[in-house]
Asker: 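One structure follows; several queries about it will come next.
A quick note: this is a predicted structure, and the numbers were derived from the prediction, not measured. The chains referred to below are lettered A, B, ... by the order of the sequence lines, with proteins before strands, and numbering in each begins at 1. The basis for the numbers below is simple: all heavy atoms, side chains too, and nothing from hydrogens, waters or symmetry mates.
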2 protein chains.
Amino acid sequence: MEDKLLKDLFLGFIKVHILHHAAKERIYGQEFSEELQRHGYQISYGTLYPLFHKLEETGYLISANENVHGKVRRYYSITANGKKILEKAKLQAKELVGELYEG
Amino acid sequence: MEDKLLKDLFLGFIKVHILHHAAKERIYGQEFSEELQRHGYQISYGTLYPLFHKLEETGYLISANENVHGKVRRYYSITANGKKILEKAKLQAKELVGELYEG
DNA sequence: GAATATAATATCGTATTTCGATATTGTAAA
DNA sequence: TTTACAATATCGAAATACGATATTATATTC
């Protein structure tokens with residue numbers, strides 16, 4: 001990440017994007033991290049996994065372990081509350097970006 | 001702030017908005033904080049002032065003290081480097097929001 | 001069927017960030 | 001020369017982020 005300011009901006013978004021992806025399909029840490037990297041972003045596993053835990057603890061995600069080729073994956077799906085807060089966050093994000101471009 | 005997730009999103013944006021406002025006109029802490037509150041956001045002075053310091057230290061802002069009615073204000077203006085990073089941040093923010101709304 | 005390999009998750013100690021509260025600054029007015 | 005006060009600065013505690021390391025659980029190998 002080129003600059004700390006851009007990273008901070010991204011970190012604020014990351015939680016929203018987790019919910020966004022989990023609303024479309026089940027996600028798990030390793031894959032989610034790799035997809036971020038494909039888009040040029042990066043987040044430490046020491047940040048990502050605790051983030052998942054916190055989002056589940058708060059009731060926005062729900063998880064279930066699954067064995068895939070002998071390896072354990074913890075898949076996360078969004079909850080009803082998660083969907084609600086995601087919609088709010090999307091509106092807020094749009095509004096904040098809008099302010100940057102108006103005028 | 002209703003929810004921590006929304007707050008985190010906002011906190012990522014706040015640094016960009018500081019630069020955004022400082023690019024339009026000189027800003028100072030007290031006034032900036034009040035304007036945020038008018039828009040329904042909030043940030044502690046214990047966060048805001050160190051943030052200004054860091055942005056100046058990094059070379060994105062430059063400040064000058066001024067006496068207004070016997071009170072000292074530290075006005076911040078954006079620098080050339082600040083403008084550069086602001087443009088990058090605006091693009092990144094737009095892209096990240098765009099992803100939330102596509103499809 | 002015991003040992004090994006491996007994808008993935010979990011956690012550890014350290015450094016940084018955020019917070020509310022308190023202290024400090026500098027000048028105008030009393 | 002004291003007092004008042006807007007504004008900035010800083011403090012200690014709590015939360016977050018990081019890279020590195022440990023743990024988990026099953027397939028595979030011998």
Side-chain angles (χ1 to χ4, degrees), chain A residues 1-18 21-22 25-38 41-58 60-77, chain B residues 1-18 21-22 25-38 41-58 60-77:
Chain A
M1 192 82 38
E2 167 188 8
D3 187 277
K4 192 151 183 333
L5 187 131
L6 299 183
K7 169 129 211 181
D8 287 346
L9 183 62
F10 162 69
L11 264 172
F13 262 105
I14 190 68
K15 296 158 197 178
V16 181
H17 268 83
I18 289 175
H21 280 98
E25 58 188 341
R26 298 188 309 164
I27 60 174
Y28 68 97
Q30 204 74 227
E31 181 198 50
F32 184 78
S33 168
E34 281 163 15
E35 198 196 317
L36 285 180
Q37 276 182 277
R38 259 180 267 124
Y41 299 111
Q42 206 183 341
I43 188 172
S44 163
Y45 286 116
T47 302
L48 185 59
Y49 284 114
L51 216 48
F52 278 135
H53 302 165
K54 188 60 83 79
L55 286 169
E56 179 162 32
E57 188 183 309
T58 310
Y60 296 158
L61 292 178
I62 188 169
S63 74
N65 277 337
E66 190 165 317
N67 297 324
V68 180
H69 304 129
K71 304 305 179 302
V72 182
R73 283 184 195 166
R74 181 173 290 273
Y75 278 107
Y76 288 89
S77 309
Chain B
M1 193 83 37
E2 167 187 9
D3 187 278
K4 193 154 182 330
L5 188 132
L6 299 182
K7 170 128 209 183
D8 288 345
L9 181 63
F10 162 69
L11 264 171
F13 260 105
I14 189 69
K15 295 157 198 178
V16 181
H17 268 83
I18 289 174
H21 281 98
E25 59 188 342
R26 298 189 308 165
I27 61 174
Y28 68 97
Q30 204 74 230
E31 179 198 51
F32 184 78
S33 168
E34 282 163 14
E35 197 195 319
L36 285 181
Q37 278 182 278
R38 258 180 268 125
Y41 299 111
Q42 204 182 342
I43 188 171
S44 162
Y45 286 116
T47 303
L48 185 59
Y49 284 114
L51 216 48
F52 278 136
H53 302 165
K54 187 62 81 79
L55 287 169
E56 178 162 33
E57 190 182 309
T58 311
Y60 297 157
L61 292 177
I62 188 169
S63 74
N65 277 336
E66 189 165 318
N67 297 323
V68 180
H69 305 130
K71 305 303 178 304
V72 181
R73 283 184 196 167
R74 181 173 289 273
Y75 277 107
Y76 288 88
S77 308

Asker: Output yes when at least one side-chain N/O atom of B:S44 is less than 4.0 Å from OP1 or OP2 of C:dT18, else no.
Answerer: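 Answer no for this pair, as no side-chain N or O of B:S44 is under 4.0 Å from OP1 or OP2.
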
Asker: What are the atom names and distances for every N/O pair under 3.5 Å that joins the protein to nucleotides 4-6 of chain C?
Answerer:
none

Asker: For A:K4 and C:dT16, is the shortest distance between a side-chain N/O and OP1 or OP2 below 4.0 Å?
Answerer: no

Asker: When you match B:Y45 and A:L11 each to their closest nucleotide on DNA chain D, which lands nearer the 5' end?
Answerer: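 Closest to the 5' end, via its nearest nucleotide, is B:Y45.
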
Asker: State, yes or no, whether a side-chain contact exists between B:L55 and B:Y76 at a heavy-atom distance under 4.5 Å.
Answerer: no

Asker: For a quick test of reading the model, state the closest non-hydrogen atom pair linking A:Q30 to A:Y45 and the distance between them.
Answerer: OE1-OH, 2.6 Å

Asker: Rounded to whole Å, how long is the line connecting atom CD1 of A:I27 with atom C1' of C:dT9?
Answerer: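 Going from A:I27 (CD1) to C:dT9 (C1'), I get 14 Å.
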
Asker: Specify the residues of residues 48-58 of chain B, ordered by number, for which at least one heavy atom lies under 4.0 angstrom from an atom of DNA chain C.
Answerer: B:K54

Asker: Where the side chain of B:E66 meets the backbone of B:Y75, is there a donor-acceptor pair that is under 3.5 Å apart?
Answerer: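 No; zero donor-acceptor contacts below 3.5 Å.
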
Asker: Indicate, with a heavy-atom threshold strictly under 4.0 Å, whether B:G29 touches base, sugar-phosphate, or nothing.
Answerer: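 Counting heavy atoms under 4.0 Å across all strands, the contact made by B:G29 is with sugar-phosphate only.
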
Asker: Under 4.0 Å from any heavy atom of chain B: name the first and the last nucleotide of DNA chain D that qualifies, 5' to 3'.
Answerer: D:dC5 to D:dT16

Asker: Measure NE2/A:H69 against P/C:dA7 and give the value in whole Å, please.
Answerer: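 To the nearest whole Å, that distance equals 12 Å.
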
Asker: Can you measure B:R74 atom CZ to C:dT25 atom P for me and round it to whole angstrom units?
Answerer: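 Answer to the nearest Å: 13 Å.
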
Asker: B:Y28 has an atom OH; how far is it from atom C1' of C:dG26, in whole Å?
Answerer: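 Rounded to the whole Å, the gap is 16 Å.
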
